[in-house]
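Below, each value reflects all heavy atoms present in this structure, side chains not excepted, and no hydrogens, waters or symmetry copies.
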Amino acid sequence: MSKVPNRRRTTAALTAVVAVAGATVLAGAPAARAAVVDVNYACETKIGPKSAVSPVDVKAVKSGGGYTITMSFEKGVSDSPVELPKGVMTPRAELVLGGDASGTVKVTGTPNTAAVPPDTPIRIGTLTGTFTPKKNGRVTFTAGTLTVHALGMDAAVCTPKNNPKPSLELQVTGVSGGGSEGDTPPPATDGDQLPKTGPLDSALALGTLGGTVLLTGAAGVLWLTRRTAR
């Protein structure tokens, strides 16, 4: 006697397999995806326009309620016609946010630890900053304006001209809240006290209550006086 397969059991088994496979894919999804992106910088300098292509790498590390962002340059984007002594050059940059966030993240480097010879590319190194998300979602980071501050002035201001792709895609999770700005909580009460809806409301309510008690007492006195007179 041949057994006829139970279609319901087969369908349920297939559904369970698909569900488990989907959960495995989601669990294995990366929280961040980074890529080294070539950025074509056009720089306005004190000695005229300059241009250079530098590979840019952006990474994020969870830190408390936010992320520590690092931006690294593999090549210099400008050079100086004169020698830059130790500690006189500091780079800074902006990362443009996209996806489920907007605005920019500012990152800053440290002063040069050695003198920079004339007519040699200025090494940018690694810049760091902080990103504090306001909501969960997918956030991208794209190279923005780079500024080289040297000898007490912004010696070079460099702007990406090749519309670079994001260097980092970050999946933000664990952000609590989510209410829109401007939401007003309901009036708070404390036991049997009057609702605290404003600085004057409680005083007005108490004044009204006192007036009511006073009028009630006066009416009682008048009623007793009339009864006694009769």
All N/O donor-acceptor pairs, side-chain side in residues 55-66, below 3.5 Å, sequence neighbours left out:
unit_1, atom_1, unit_2, atom_2, d
D57, OD1, K59, NZ, 3.4
D57, OD2, K59, NZ, 2.4

Could you report the tightest heavy-atom contact between [X] and [Y], atom names first, then the distance?
X	Y	answer
A115	P117	O-CD, 3.6 Å
I122	M89	CG2-CE, 3.4 Å
T126	S72	OG1-OG, 3.3 Å
Y67	T173	OH-N, 4.3 Å
A143	M71	CB-CE, 3.9 Å
P121	G76	CB-CA, 4.3 Å

Is T45 reaching over with its side chain to a backbone N or O of G48, donor-acceptor style, under 3.5 angstrom?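 Yes: the side chain of T45 pairs with the backbone of G48.
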Can you check whether A114's main-chain N or O pairs, donor with acceptor, with N112's side chain at less than 3.5 Å?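 Present.
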Atom [atom1] of [X] and atom [atom2] of [Y]: how far apart are they, to the nearest 0.5 Å?
X	Y	atom1	atom2	result
F141	I69	CZ	CD1	4.0 Å
R123	F73	CZ	CZ	11.5 Å
K46	L151	NZ	CG	11.5 Å

Side-chain heavy atoms of [X] within contact of [Y], under 4.5 Å:
X	Y	answer
D154	R92	yes
P91	L127	yes
F131	L95	no

Pair up each side-chain donor or acceptor in residues 157-167 with any protein partner under 3.5 Å, not counting sequence neighbours, and list the distances.
unit_1, atom_1, unit_2, atom_2, d
N162, OD1, N40, N, 3.2
N162, ND2, D38, O, 3.0

Hydrophobic clustering (ILVMFWY, side-chain heavy atoms < 4.5 Å, transitive) - are V175 and L168 grouped together?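 Same hydrophobic cluster.
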